[in-house]
Every structure is written in C-alpha cells, then in structure tokens.
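Below is one structure; the comments refer to it alone.
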Amino acid sequence: MSTQNFATKALHAGHDVTKNGGTRAVPIYQSTAYVFNDSDHAANLFSLAEPGNIYSRINNPTNDILEQRLAALEGGIAAVATASGTSAIATTLLTLLKAGDHIVASNSLYGGTYNLLSVTLPRHGVTTTFVDPSEPNSFENAAQENTRAFFIESLGNPKLDVLDIAAISTQAKAYKVPLIVDNTVATPYLLNPISYGANIVIHSLTKYINGNGTTLGGIIIDAGTFDWTNGKFPEFTEPSPGYHGLVYSEALDAAAFIAKVRIEGLRDYGGALSPFNAFQIIQGLETLEIRIKKHSENALALAKWLQEQDEVTWVNYPGLDTSPYKSLAEHYLPNGQSGIVTFGAKGGFDAAKIIADKTELFSLLANIGDTKSLIIHPASTTHQQLSDEAQEATGVTKDLIRLSVGLENIEDLKSDLKNAFSIVKQSYLLHN
Ligand SMILES: *Cc1c(COP(=O)(O)O)cnc(C)c1O
C-alpha cells in the first residue's frame with residue numbers, strides 16, 4: 001500500500017472490499033453501538049486486550065476507513081477523526097496539556113485557533129506565547145520550562161506565509177516538545193509536514209478535503225515519532241487514573257498519543273465525527289488531487305491578473321515572484337500553492353467592503369476550500385472582534401480581501417471581479 005501514489009491511496013487506502021460486504025463505495029455504518037459476543041468479549045474490548053468497536057463516540061467502521069486513508073496520505077501511523085477542525089485542535093491540546101502548561105505558537109493562525117489559544121485556554125490555565133514564525137529561532141527563544149508544544153499552520157490563513165517546518169522542527173526537537181502542524185490550507189497533496197519533522201498533523205476536513213462546502217469534519221494524525229518518555233509528559237509514562245492504570249507509553253508504544261486521543265480525548269470531550277459526515281468527506285477526498293491542482297492553477301492565474309488591475313494595490317499569493325515566501329513555496333509547495341489569494345483594494349476599508357458586497361460568482365461568506373469561489377473582507381467580518389494589533393499580527397489589514405478561488409472558468413471569475421471594481425469606481429465618482 002505504502003508504495004502507491006497519492007491519487008491511488010486517496011481512492012483505496014483503508015478500504016478492504018472483502019470486509020465490507022463487497023461494497024465498492026465505503027458504506028455508512030450509522031450505528032451508535034456494537035453487539036458484544038458476551039461480557040468477557042466486552043471486558044477485553046474495554047481493557048484493549050482485543051481490538052474492536054464499542055460505541056461510535058470512540059470508534060466507527062466508516063470513520064476508521066477515513067482515518068486510515070488520511071494517515072496513509074500524510075505518512076502517519078494512525079489518525080482520529082473529529083466533528084470539526086476546531087474539535088481536532090481542541091481535542092489534541094486538551095489531551096496533551098494540563099493547567100500550568102505553555103504553548104509556543106505562530107502568530108499567523110486561523111482566527112478561531114487564535115481565540116482558543118489567546119482567550120479560552122488561558123481560562124483553563126494553559127497559556128500561549130505567539131511568535132513571528134519567520135524569525136530564526138523564535139520558537140526556541142520563546143520556550144519556557146513549562147512549554148509542552150509548538151503549534152503552527154504550514155500555510156497561514158489568511159496571511160499565506162509559508163513556514164520553514166524543518167527549521168521549526170529542529171527547535172522543537174532541541175526543546176523536546178512535539179511540533180503540531182495545522183495543514184488545512186496546503187492539504188496532504190501539496191505538503192506532508194511529517195516528512196519535515198512534524199509530530200502531529202491536523203486538518204479541518206471541512207475545507208479542501210471535503211471540498212464542496214457541505215460537511216464539517218476534522219482529523220488528528222500521529223506521526224508516531226515523538227518520544228513521550230523524555231520526562232516532560234508523565235501522563236504517558238505513569239499509570240493513567242483516567243484509564244484504569246494504563247501506562248500509555250508501555251502499552252501502546254509509538255501509538256501512545258493517538259490512542260490517548262481516542263480512548264480519553266473522544267471519550268471525555270466527545271468531539272466524534274458523524275459517520276454520515278465521514279462518508280461525505282470520503283467522497284471529496286477521492287478527487288482531492290485533481291481539485292487542488294486546479295484550485296492552485298486558477299489561483300495563480302487570478303493572482304497574476306489581479307497584479308495588473310488599477311484597483312488593486314498589492315497581491316499576496318505564495319506562487320507569485322513578488323511573494324516574500326516565494327523561495328519557501330518552491331521548497332515546500334512545488335506542486336501548487338493552494339487556492340487562497342489575498343489582495344489590497346485601492347481605497348482601503350470602504351472599497352474592499354464594496355468589492356466583497358458586489359461580486360456575484362464569488363459568494364460573500366466565511367469559509368475556504370469550496371469548489372465554488374468565495375470572497376470575504378476580514379476587517380469588517382471574521383476579524384472585526386480582534387484589536388488592531390491582533391488584526392495586524394494575523395496579517396489582516398483594512399484593505400485586505402481574501403479570495404478562495406474555486407473551480408469555475410477563470411475568465412468568468414475575472415469578469416465578476418472586474419464588474420465589482422467598476423462599481424467601486426462609480427461609487428467614488430458619485431461621492432466625490
Ligand atoms: C477552518 C479552519 C479551521 C477550523 O476548522 P472547522 O472545521 O471550521 O472547525 C482550522 N484551521 C484552519 C487553517 C482553517 O482554515
């Protein structure tokens with residue numbers, strides 16, 4: 001299986017047709033619980049003496065195929081699916097950390113993640129220092145005695161900064177903490193963070209992997225490479241009161257973390273993925289390679305076109321020659337740089353707001369990674385609760401428009417933007 005190429009694994013990994021009644025499509029196992037042979041069988045399942053299904057909050061055969069498939073595509077040893085990308089991040093951090101622990105995170109993060117780290121987790125005693133990930137040694141310099149994780153996005157949303165994952169992984173190794181990478185925007189087709197030293201990879205499956213804006217989901221993938229016995233993680237080396245004295249590092253070895261996510265994280269926080277949603281996400285995942293190639297091609301073409309427009313002051317796309325991340329993109333994202341483009345509207349906040357309001361093919365909404373093109377003006381919508389400093393740190397300027405470039409014909413996308421630009425011009429003529 002592991003010698004197969006991406007497109008083949010995306011269609012087949014984890015699905016043994018002989019074990020699923022010969023169904024060529026992955027079936028939906030819409031069952032809350034599973035019949036035990038007898039009480040001894042149940043006891044063996046609960047004590048992990050025997051593998052098997054107990055209850056769909058913990059495990060489900062449809063989810064299992066999605067988990068195996070994404071672990072194969074990212075080069076991990078195992079994965080756990082969750083109800084959303086946010087649930088994947090929260091479940092990972094809540095499984096790993098306790099009050100008093102500390103995280104070092106990139107300052108260029110998805111708005112929801114930024115809030116979790118900066119506002120919500122501190123209420124539970126877990127604090128975060130945000131650093132500029134483009135500064136050399138910034139993670140190591142911010143690490144404290146109680147630091148227990150480094151957290152980054154491989155391709156930041158919406159700053160579109162490409163991170164030097166290998167360099168950050170070296171700092172994580174020196175500090176003996178796991179490097180957690182949210183790989184949502186890049187997708188496993190364009191980038192595999194584990195091959196550059198990431199220990200845990202997270203995706204919002206809601207975005208490109210499902211791909212058509214119908215379904216929420218998330219995944220936690222364990223590289224199986226982190227040494228939990230290094231003295232900083234007693235929850236893995238001492239008997240767990242949360243699982244009748246199980247010592248994770250002894251009983252589960254390389255799979256200690258991902259097993260704890262499933263049998264404690266899903267059990268206690270409950271963020272399980274619905275098997276119906278797992279089925280929907282599998283349909284999307286089958287065509288990820290051809291879609292993300294086309295998203296990347298359309299985004300690059302549109303970014304180049306935007307650079308030539310009078311109404312646009314700057315364009316940010318990692319594939320452009322003018323991008324400060326061009327050389328990192330050539331190294332980490334040689335097969336495409338995904339479908340997100342940001343640009344500055346001449347006329348600032350007001351002009352940007354009009355453009356977002358007046359496009360028709362580009363839908364005004366808060367999402368990315370849909371087959372349909374999407375637009376948003378973050379300063380007046382998704383990021384309006386953030387302070388000016390926080391907006392700046394996350395890369396959101398007043399004039400910034402974010403596009404999620406879909407799979408429509410590129411000429412139609414240009415016409416739609418051109419039309420919105422001309423409305424801005426007219427409104428300026430009328431008001432001046
Ligand atoms: C959307 C997104 C998330 C959150 O995922 P949900 O499925 O919406 O909960 C996390 N990280 C990134 C980079 C995202 O784009």
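Both counts, for ligands and for their atoms, begin at 1 and track the order of listing. On a predicted model such as this, the values are computed, not experimentally measured, just so you know.
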Inset, instruction - Decide whether an N or O pair under 3.5 Å exists between Thr113 and ligand 1. - result: no

Inset, instruction - Of the side chain and backbone of Leu205, name the one, both, or neither that has a heavy atom under 4.0 Å from an atom of ligand 1. - result: neither

Inset, instruction - Decide whether a cation-pi geometry holds between Lys207 and Tyr110; the criteria are a distance under 6.0 Å from NZ or CZ to the six-membered ring centre and an angle within 45° of the ring axis. - result: yes

Inset, instruction - Return the minimal non-hydrogen interatomic distance between Glu67 and Ala81, and the atom names on each side. - result: OE2-N, 2.8 Å

For [X], counting its heavy atoms only, list the atoms of ligand 1 lying under 4.0 Å from any of them.
X: Ile368; value: 15 (O)
X: Glu153; value: 13 (C)
X: Asn157; value: 15 (O)
X: Gly217; value: 7 (O)
X: Gly85; value: 5 (O), 6 (P), 7 (O), 9 (O)

When you measure from [atom] to every protein heavy atom, which one gives the shortest distance, and what is it?
atom: atom 9 (O) of ligand 1; result: Thr86 OG1, 2.7 Å
atom: atom 2 (C) of ligand 1; result: Lys207 NZ, 2.4 Å
atom: atom 7 (O) of ligand 1; result: Thr206 OG1, 2.6 Å

Inset, instruction - Decide if the gap between the ring center of Phe257 and the ring center of Phe233 is smaller than 6.0 angstrom. - result: no

Legend entry - Option nearest atom 11 (N) of ligand 1 (shortest heavy-atom distance, choices Ile340, Val185, Asp182): Asp182

Legend entry - Positive for side-chain contact (heavy atoms from CB on, under 4.5 Å) with Phe130, one of Ser106, Ser118, Ser138: Ser118

Inset, instruction - Establish, from distance only, whether the side-chain atoms of Thr184 and Tyr208 form a donor-acceptor pair under 3.5 Å. - result: no

Inset, instruction - Take Thr359 and Asp416 through the test side-chain hydrogen bond (donor to acceptor under 3.5 Å, both in side chains) and record every step on the way to the result. - result: CA-CA 6 Å; Thr359 49; Asp416 191 34; 4.5 Å; no

Legend entry - Electrostatic pair Lys293:Glu289 at N-O distance under 4.0 angstrom: yes

Inset, instruction - Measure the distances from the heavy atoms of Ser87 to every atom of ligand 1 and state whether one is below 4.0 angstrom. - result: no

Inset, instruction - May I have the step-by-step check of side-chain hydrogen bond (donor to acceptor under 3.5 Å, both in side chains) for Thr214 and Gln280, ending in yes or no? - result: CA-CA 8 Å; Thr214 61; Gln280 292 283 23; 4.7 Å; no

